[in-house]
> 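Starting off with a structure, shown below.
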Number of protein chains: 2
Amino acid sequence: MARRGPTNAAQASAPTSVDVARLAGVSPATISLVLNGRASKVRISDETRDRVIAAAAQLGYTPNHAARSLRQRRTNIITFVLPTLDNPYFSDVVRAAQTAAQQHGYAVSVIPAKTMPGEFHALSFLQGAAFDGIIVAGRENCTAAELRQLAARGVAVVVLQEHSPDSAIQSVSVDLEAGGYMATRHLIDLGHRRIAHVTEKLHEPGTRRDRLDGYCRALEEAGLTFDPSLVLTAENTMAGGSNATEQLLDLGALRPTAAFMYNDQMAVGALHALRVRGLRVPDDFAVVGFDGVAIGQFTAPTLTTIDHPREELGRLAIEALITAFEKRPADMREHLLPVKLVVRESCGGGKTSPPKARRRAQAK
Amino acid sequence: MARRGPTNAAQASAPTSVDVARLAGVSPATISLVLNGRASKVRISDETRDRVIAAAAQLGYTPNHAARSLRQRRTNIITFVLPTLDNPYFSDVVRAAQTAAQQHGYAVSVIPAKTMPGEFHALSFLQGAAFDGIIVAGRENCTAAELRQLAARGVAVVVLQEHSPDSAIQSVSVDLEAGGYMATRHLIDLGHRRIAHVTEKLHEPGTRRDRLDGYCRALEEAGLTFDPSLVLTAENTMAGGSNATEQLLDLGALRPTAAFMYNDQMAVGALHALRVRGLRVPDDFAVVGFDGVAIGQFTAPTLTTIDHPREELGRLAIEALITAFEKRPADMREHLLPVKLVVRESCGGGKTSPPKARRRAQAK
DNA sequence: CAGTTCTGCTAAATCCTTTTAGCTAATTCG
DNA sequence: CGAATTAGCTAAAAGGATTTAGCAGAACTG
């Protein structure tokens, strides 16, 4: 009822536990005990409990986040660092992570770090540590040293799709190498001999086993020689995939008959470039994507791709974080999830259009 | 050098301002003054300043976020509440918002609220107010009352694409109604008479002037009667757009010859459904999307759409928030940004394939 | 009835930084 | 030279919730 100051009715400031305590006729300590269900440690009568709850409800009381975090030395927030928001891949991963996190009492917030202008290295924001743990996808934004520093400070860190840079850091990945192998092998089985691979960027050696490794393994296994001119680097967007594909088509006689693209997004770009150039897919040129996101089911033609267990990835990342919070020794430092080939139309070979595909794939 | 406790070297905990103060031989107050550049208020000698900076660097000191927030009553974090992460539309908006926010010293974090399982209404997380301001896109997650409550607590609120629910809340939108009009008018101009509109959901009356309003206005202006059977509601995904389009195609003799889709995502689904049914676009059926996101340039055929000033939207949202922080009276409570028609292939009428389009559009 | 055990609650410390009044020593002024 | 500034820094309070030792009274116990 009674406001703090006498005259400043306009000053709308959030009620504190002291306000609730006063209204309920108890001490602030009791407010905390009741509202956090600390009944196991300290006894509170039902009557008092009800009174506190009613008072809190009446005032619309919510504990001050900063104060609570300060005292508890934890925020109950997990931050998911993504390169950008424009990759639907992470939508599924984050959704699953949220579900898992919530079950453990954590909220998930997302930071698209690559879009940060200027010198933003996750670090600057991260060091403030307005969160208890962090899941890093897309290491462009933090060096291994930065991550180690965070971990050393007591922030739990999990990296996605890369090798762990530190013994205190767990990693959760899908088997990119196997995916690369499956995609390339699929094209080889369909008769392709000159197969391009468009990737995002050549990662630092040792940080991960990537699509490219699987691509090479498949070629080697089939007795095909690796041709560096067929491996391109492009921006990870539809436009990037389109541009890279144009470059491939400009190779003339040495032009490949198929491309294994870094992800579905870039594969969509590839399909576009091929259409613009008047090439039929899969008859004149085959395309395999990577990730298995929704768009692949809606392109013309639909996209053969390597599907990832994205939900599992998000769930595991959270679980790895939780074990780190609890200082439990992780049963595994690196989690590796399997991928699977999903055959649709863009390579032929699927159920949808079996006849022409195999024949033409060899052409050229 | 010297650690806190004698034996617990393993206990890695972040250094505090007291640690830095001790090392630099000054008081914690000085640490704060130096590191925050409060030189204007309190004088610190250059020598001391350098010593403090060196000490902070040596220990890798970063102020504790919770303590700072508690004292300053602000977090310097702005939260962007999105329905989901799988809509590329927001990628551009958030990127621009980040840039703008950073210039004012704020960091932006994103919460995909619709993906929150269970009873998550932004509120539960939001009330903790681990942020100073919030931009809400996709009101599914917060009722007007909840937003008002937040605003009353002193959290600055900006809503996107809806009318402001409260005088203390600014809104920033693009002119959805005009967009709906332009899209529909474009189809009418191309000769279409039975034009469908697939939307996400029929919003609460009064919360916004939406695409549907523009659609109706264009029909009316052209003397066409509104046919409720041509207005469908579907899930805001490619699959949703595809399903809705199938329903439209099942209308038999009453089948429309064109569809104006809620957004580009759903339009991609529509193109897919049409292809599956063997209809040619734009010859047999025309499609207009909405939003102007990248995918529209890469579909087959490419997508005619209503382009939004997404960067402007993000930037303005932040600016509205900043004025709210500073308690400046907003010069405008509702900002409305213009949209524009981008003609590509999916309706004909563009530069790419002008001849057939107009002729066939009338067919049936 | 004195002693013990519960019950139910509170006082006070703590988390870490920021902020402001004010102190001390050095400098300047008249 | 004493008084008034000024420079340079610090002490201490504040911010709001959580946590733990412990108090006061009620209920038992022998």
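All figures in this text were calculated on a predicted structure; none of them were measured in a lab. Any value given below was found using the heavy atoms of this structure, including those in side chains, with hydrogens, waters and symmetry copies removed. A, B, ... follow the sequence lines: proteins, then strands. Residue 1 opens every chain.
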> Only counting residues at least two apart or in another chain, list the ones meeting side chain to side chain contact (heavy atoms under 4.5 Å, CB included) with B:S17.
B:P28, B:I31, B:Y61
> Within this structure, what is the CG-OG1 distance for the pair B:D132 and B:T79, rounded to the nearest 0.5 Å?
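Nearest 0.5 Å value for the CG-OG1 distance: 9.0 Å.
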> Give a yes/no answer on whether the side chain of A:R68 brings an N or O atom under 4.0 Å of OP1 or OP2 in D:dT18.
yes
> Work out which heavy atom in B:V20 is nearest to a heavy atom in B:A56; give both atom names and the distance.
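Looking at all heavy atoms of both residues, the shortest contact is CG1-N, 3.7 Å.
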> C:dC15, OP1 or OP2 - any side-chain N/O from B:N64 closer than 4.0 Å?
no
> Check A:V159 against A:E162 and note the closest heavy-atom contact, atom names and distance.
CG2-O, 3.6 Å
> Can you list the residues that meet the side chain to side chain contact (heavy atoms under 4.5 Å, CB included) rule with A:S69, with sequence neighbours excluded?
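Partners of A:S69 under the side chain to side chain contact (heavy atoms under 4.5 Å, CB included) test: A:H65, A:T75, B:A66.
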> Show each protein N/O and nucleotides 25-27 of chain D N/O combination with a separation under 3.5 Å, one pair to a line.
none

> Extract from the structure each pairing of a protein N or O with an N or O of nucleotides 22-24 of chain C at less than 3.5 Å, listing the distance.
none

> Taking OP1 and OP2 of C:dC9, is either one under 4.0 Å from a side-chain nitrogen or oxygen of A:T30?
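Answer no for this pair, as no side-chain N or O of A:T30 is under 4.0 Å from OP1 or OP2.
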> A:A100: which residues meet the side chain to side chain contact (heavy atoms under 4.5 Å, CB included) condition with it, sequence neighbours left out?
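Side chain to side chain contact (heavy atoms under 4.5 Å, CB included) list for A:A100, sorted by chain: A:R315, A:I318.
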> For the side chain of B:A29, starting at C-beta, report the closest nucleotide among C:dT19, C:dT17, D:dG16.
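Shortest atom-to-atom distance from the side chain points to C:dT19.
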> Just jot down the side chain to side chain contact (heavy atoms under 4.5 Å, CB included) partners of B:T48, sequence neighbours excluded, or say none.
B:V26, B:T30, B:I44, B:S45, B:R51, B:V52
> Return whichever of B:L70 or B:P28 has its heavy-atom-nearest nucleotide of DNA chain D closer to the 5' end.
B:P28
> I'd like to know if the side chain of A:Q170 and the backbone of A:A320 have a donor-acceptor N/O pair within less than 3.5 Å.
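A pair under 3.5 Å: yes.
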> Tell me, with the steps shown, if A:Y106 and A:F325 meet ring pair (Phe, Tyr, Trp, His ring centres under 6.0 Å).
CA-CA 11 Å; A:Y106 289 85; A:F325 291 155; 4.8 Å; yes
> With each end axis built from five pairs of C1' atoms, what bend angle do you get for the helix from C:dC1-D:dG30 to C:dG30-D:dC1? Round to 10°.
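That helix gives 60° between its end axes.
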> Expressed as a whole number of angstroms, how long is the span from B:L35:CG to C:dT18:C1'?
12 Å
> Starting at CG of B:L33 and ending at P of D:dT10, how long is that distance when rounded to a whole Å?
9 Å
> Is any side-chain nitrogen or oxygen of A:T16 closer than 4.0 Å to OP1 or OP2 of D:dG16?
no
> Under 4.0 Å, heavy atom to any atom of DNA chain C: which of residues 43-55 of chain A qualify?
A:R43, A:I44, A:S45, A:T48
> Check side chain to side chain donor-acceptor pair (under 3.5 Å) between A:R68 and all other residues, then give those that pass, not counting sequence neighbours.
A:N36
> Which residues satisfy the side chain to side chain donor-acceptor pair (under 3.5 Å) test with A:E47, sequence neighbours excluded?
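Not a single residue meets the side chain to side chain donor-acceptor pair (under 3.5 Å) criterion with A:E47.
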> For A:Q72 and C:dC15, what is the distance between atoms CD and C1' respectively, to the nearest whole Å?
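Going from A:Q72 (CD) to C:dC15 (C1'), I get 11 Å.
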> Rounded to the nearest angstrom, tell me the gap between atom CZ in A:R74 and atom P in D:dA17.
17 Å
> Rounded to the nearest 0.5 Å, how far apart are CG of B:L59 and CZ of B:R22?
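Those atoms lie 10.0 Å apart.
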> Rounded to whole Å, how long is the line connecting atom CZ of B:R71 with atom P of C:dT20?
7 Å
> Taking atom P of D:dA17 as reference, at what distance in whole Å does atom CG of A:N76 sit?
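It works out to 16 Å between those atoms.
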> Take the protein atom CZ of B:R73 and the nucleotide atom C1' of C:dC16, then report the distance between them rounded to whole Å.
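Computing the B:R73:CZ to C:dC16:C1' distance gives 16 Å.
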> Kindly say if A:Y61 contacts the phosphate of D:dA17, meaning a side-chain N or O under 4.0 Å from OP1 or OP2.
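Yes, such a contact exists.
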> Using a 4.0 Å heavy-atom cut-off across all strands, classify A:I31 as base, sugar-phosphate, or nothing.
nothing
> Check side chain to side chain donor-acceptor pair (under 3.5 Å) between A:E311 and all other residues, then give those that pass, not counting sequence neighbours.
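Listed in chain order: nothing, the list is empty.
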> So, for B:A24 and B:A55, which heavy atoms are closest and what is the spacing to 0.1 Å?
CB-CB, 3.9 Å
> Going by salt bridge (Lys or Arg N to Asp or Glu O under 4.0 Å), name the pairs with one or both residues in residues 69-80 of chain B, residues two or more places apart or in two chains.
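As it turns out, there is no salt bridge (Lys or Arg N to Asp or Glu O under 4.0 Å) pair with a partner in residues 69-80 of chain B once direct neighbours are skipped.
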> Within this structure, what is the CG-to-P distance between A:L59 and D:dG16, rounded to whole angstrom?
14 Å
